[in-house]
Structures are given as structure tokens and as C-alpha cells.
Asker: 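Just dropping this structure here.
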Amino acid sequence: MEEIELIKGDITQLEVDAIVNAANETLLGGGGVDGAIHRAAGPLLLGECRSIGGCPTGEARLTKGYELKAHFVIHTVGPIWQGGNHKETELLRSAYINSLELAAIHELDSVAFPNISTGVYRFPKRIAAQIAIKTVTDFCYRNTFPKRVVFVCFDEENYQIYRELLNRV
Ligand code: ADP
């Protein structure tokens, strides 16, 4: 792994090769980070998403970035937290791995992740952060791309959790 970074802010403003979208299975837009990405990318993004025809939970799909500074958007669908006995941890791990696989296949140097599933999908933030950091660290150790991963925290609680956990890596 070359670099893992942590920033607090709005993922739509980042100049990276790809930003990851915490989408829903329809890929037709929604609230939270999904809504923000569609607003910033412009209507052509929705058109391309519509042509993909959805994405199952745990998988990922690549589109162009349109009006974003990022060249691509990797749309992934994290699990809805249902108490922890519905494969939530495996599915969250898959969402990160499948996003990273797309970045690797397309030889993208830099990728930014939001805190997938920790908004309206209610995944406990600390468990989600542990999964995100471990999955990204392991993947980047074994792969040439991406070379740089940015964790983008929008809320202070996630930012503090990531700061604490990353200081231990
Ligand atoms: P999910 O349905 O996967 O829970 P949400 O969009 O509701 O998706 O929340 C996921 C995370 O995205 C939350 O931690 C939320 O604070 C964060 N978030 C919301 N808007 C933005 C943004 N503009 N940039 C980065 N992160 C954001």
C-alpha cells in the first residue's frame, strides 16, 4: 500500500480518479451521499445509471464522472443493518472489495470512499470503519492499483472513529 488518507468533507469535491457512491440497488439516486453525487455530476450520470439496470447489494458498477472533478464514479450498494445476523459484515466487505476490484481492473491510481452504509442504512459506525480499513489495507497490500485511497468522513463521529483506528494501523 502506498497511501491511505483521511479527510473530513464532501466527497463530491475531490480530485481523484474515482469516487465511490454509497448507492441503493436501483442505482437511480437517493438521499445522502448518493443525492450529493448525482447533483454534482449532473443529469447524464442518471442516464448512464439507468442503462446499467441496478446493482445487487455487495456488488459495484463503474460509470463516468461527468461534471465531477473525479473521472469515474464507482457505485456500490452496502447492506442495510438489520441487527447483524443478515450477512451485513460480509456484504459490507464485498462492497469495498468489489469497488477496489473495479479500480484495480481500470488501473485507477486514486479512489475516495464515503462511509458506506453508515447513514440511512444504519450500520454501526465503528464496526463499519473497522471493516473498511481492514479490507482496504489488505487489498492494497496485494494489488498495484489503487495506489492511493482516501476515506472521506462527512460527519464528526465517523471522522473521530477513523482517526483513532488509522492511528493504530
Ligand atoms: P447509506 O445508505 O449507505 O447509509 P448515506 O448516504 O445515507 O448512505 O450515508 C453514508 C455516509 O455518507 C454517511 O456517513 C454520511 O454522513 C455520508 N455522507 C453524506 N453526504 C456526504 C458527502 N457529500 N460526502 C461524503 N460523505 C457523505
Side-chain angles (χ1 to χ4, degrees), residues 4-43 45-46 49 52 54-63 65-100 102-103 108 110-136 146 148-166:
I4 290 185
E5 279 174 47
L6 171 64
I7 66 160
K8 189 169 177 228
D10 178 359
I11 201 167
T12 65
Q13 299 308 307
L14 292 199
E15 293 186 42
V16 286
D17 291 321
I19 61 172
V20 177
N21 182 15
N24 59 57
E25 287 191 335
T26 69
L27 294 188
L28 298 180
V33 70
D34 195 3
I37 288 172
H38 276 274
R39 276 194 298 279
L45 178 62
L46 184 58
C49 284
I52 293 171
C55 176
T57 300
E59 295 189 17
R61 302 287 185 267
L62 184 96
T63 67
Y66 299 97
E67 292 171 45
L68 291 165
K69 290 172 192 150
H71 300 127
F72 299 98
V73 180
I74 295 170
H75 305 262
T76 190
V77 184
I80 299 170
W81 182 260
Q82 297 176 76
N85 292 319
H86 294 79
K87 297 197 160 46
E88 292 95 328
T89 57
E90 294 96 310
L91 288 166
L92 186 61
R93 189 168 166 276
S94 295
Y96 278 94
I97 287 185
N98 286 315
S99 300
L100 290 161
L102 280 178
L108 304 183
S110 53
V111 178
F113 280 95
N115 308 135
I116 300 166
S117 285
T118 67
V120 294
Y121 282 4
R122 302 182 316 271
F123 207 108
K125 289 179 180 175
R126 178 170 286 270
I127 306 172
Q130 285 165 340
I131 293 167
I133 291 169
K134 174 146 182 36
T135 307
V136 166
R148 180 175 157 234
V149 173
V150 187
F151 289 116
V152 184
C153 298
F154 195 65
D155 58 274
E156 180 66 21
E157 192 186 349
N158 264 315
Y159 181 65
Q160 292 304 337
I161 291 168
Y162 272 79
R163 235 176 46 160
E164 183 199 325
L165 295 176
L166 284 171

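Throughout, residue positions are numbered sequentially from 1 according to the sequence presented. In each ligand, atom 1 is the first atom listed, and ligand 1 is the first ligand listed. Note that this is a predicted model, so its numbers are computed, not measured.
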Asker: Is there a polar contact between ligand 1 and Asp34, counting only N or O atoms under 3.5 Å apart?
Answerer: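 For ligand 1, there is no N or O atom that lies under 3.5 Å from one belonging to Asp34.
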Asker: Which residue owns the protein heavy atom closest to atom 7 (O) of ligand 1, what's the atom, and how far is it?
Answerer: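 Checking every protein heavy atom, the shortest distance to atom 7 (O) of ligand 1 gives Val120 N, 3.0 Å.
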Asker: Please determine if Asp155 has a nitrogen or oxygen closer than 3.5 Å to a nitrogen or oxygen of ligand 1.
Answerer: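 Indeed, backbone or side chain, Asp155 has an N or O that close.
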Asker: Within ligand 1, which atoms have a heavy atom of Ala36 less than 4.0 Å away?
Answerer: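 Those atoms are 23 (N).
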Asker: Do NZ/NE/NH1/NH2 and the carboxylate oxygens of Glu156 and Arg163 come within less than 4.0 Å?
Answerer: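 So Glu156 does not pair with Arg163 through a salt bridge.
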Asker: Suppose we measure from atom 12 (O) of ligand 1 to each protein heavy atom; which comes out shortest, and what is that distance?
Answerer: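 Nearest protein contact, heavy atoms only, for atom 12 (O) of ligand 1 is Val33 CB, 3.8 Å.
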Asker: Would Phe154 count as a polar contact of ligand 1, with the cut-off being nitrogen or oxygen pairs under 3.5 Å?
Answerer: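 Among all N and O atoms of Phe154, none is under 3.5 Å from an N or O of ligand 1.
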Asker: If hydrogens are left out, which of Ala112, Gly30, Ser117 has an atom nearest to atom 3 (O) of ligand 1, that is, the closest non-hydrogen atom?
Answerer: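 That would be Ser117.
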Asker: Looking at Gly9, which atoms of ligand 1 are within less than 4.0 Å of one of its heavy atoms?
Answerer: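 The atoms of ligand 1 under 4.0 Å from a heavy atom of Gly9 are 24 (N), 25 (C).
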Asker: For atom 25 (C) of ligand 1, which protein heavy atom lies nearest, and how many Å away is it?
Answerer: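 The closest heavy atom on the protein side is Ile11 N, 3.6 Å.
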Asker: Among protein heavy atoms, which sits nearest to atom 10 (C) of ligand 1, and what does the distance come to when rounded to 0.1 Å?
Answerer: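 The closest one turns out to be Asn115 O, 3.4 Å.
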Asker: If I apply the N/O under 3.5 Å rule, does Pro114 come out as touching ligand 1?
Answerer: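 No, there is no polar N/O contact under 3.5 Å.
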Asker: Would you say Ala22 and ligand 1 have an N/O pair spaced under 3.5 Å apart?
Answerer: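 For ligand 1, there is no N or O atom that lies under 3.5 Å from one belonging to Ala22.
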Asker: Is a side-chain donor-acceptor pair under 3.5 Å present for Thr76 with Asn98?
Answerer: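 Side-chain D/A pair, Asn98 to Thr76: absent.
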Asker: Is there a donor in the side chain of Thr57 and an acceptor in the side chain of Glu25, or the other way round, less than 3.5 Å apart?
Answerer: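 A pair is found: one side chain offers a donor N or O, the other an acceptor, under 3.5 Å apart.
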Asker: Please check if the side chain of Glu88 supplies one atom and the backbone of Gln82 the other of a donor-acceptor pair under 3.5 Å.
Answerer: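 Pair found, side chain donor or acceptor close to backbone of Gln82.
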Asker: Heavy atoms only: give me the nearest Cys49-Leu27 pair and the separation to one decimal.
Answerer: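 Where Cys49 meets Leu27 most closely, the heavy atoms are CB-O, 3.1 Å.
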Asker: How about Glu15: does its CD atom have over 12 heavy atoms from other parts shown lying under 6.0 Å from it?
Answerer: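 No, the 6.0 Å shell around CD holds no more than 12 heavy atoms from other groups.
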Asker: Indicate yes or no: at least one non-hydrogen side-chain atom of Ile4 is less than 4.5 angstrom from one of Arg148.
Answerer: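 No; the side chains remain at least 4.5 Å from each other.
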Asker: Report the part of Asn158 in contact with ligand 1, treating N, CA, C, O as backbone and CB onward as side chain, heavy atoms under 4.0 Å; options are side chain, backbone, both, neither.
Answerer: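 Asn158 to ligand 1: side-chain contact only, backbone stays beyond 4.0 Å.
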Asker: Salt bridge (Lys or Arg N to Asp or Glu O under 4.0 Å) between Lys125 and Asp155: does it pass, once the steps are laid out?
Answerer: CA-CA 11 Å; Lys125 289 179 180 175; Asp155 58 274; 3.1 Å; yes
Asker: Provide the number and element of each atom of ligand 1 under 4.0 Å from a heavy atom of Asp10.
Answerer: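 Heavy-atom distances to Asp10 below 4.0 Å select 22 (C), 23 (N), 24 (N).
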Asker: Of all heavy-atom pairs between Gly65 and Ala41, which one has the smallest distance, and what is that distance?
Answerer: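 Smallest heavy-atom distance, with atoms named: O-CB, 3.7 Å.
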Asker: Are the side chains of Val136 and Tyr96 in contact, using a 4.5 Å heavy-atom criterion?
Answerer: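 Counting from C-beta outward, Tyr96 and Val136 do come under 4.5 Å.
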Asker: Start with the C-alpha gap between Arg39 and Glu67, add the side-chain angles, then the distance that decides, and say whether salt bridge (Lys or Arg N to Asp or Glu O under 4.0 Å) holds.
Answerer: CA-CA 9 Å; Arg39 276 194 298 279; Glu67 292 171 45; over 6 Å; no
Asker: At what distance is the nearest protein heavy atom to atom 4 (O) of ligand 1, and which residue and atom is it?
Answerer: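 I find the closest protein heavy atom is Gly119 N, 2.8 Å.
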Asker: Please check whether Val152 reaches ligand 1 - meaning an N/O of the residue sits under 3.5 Å from an N/O of the ligand, judged on distance alone.
Answerer: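 Between Val152 and ligand 1, no N or O pair is found under 3.5 Å apart.
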Asker: What's the shortest distance from atom 14 (O) of ligand 1 to any protein heavy atom, and which residue and atom give it?
Answerer: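 It is Thr118 OG1, 2.8 Å.
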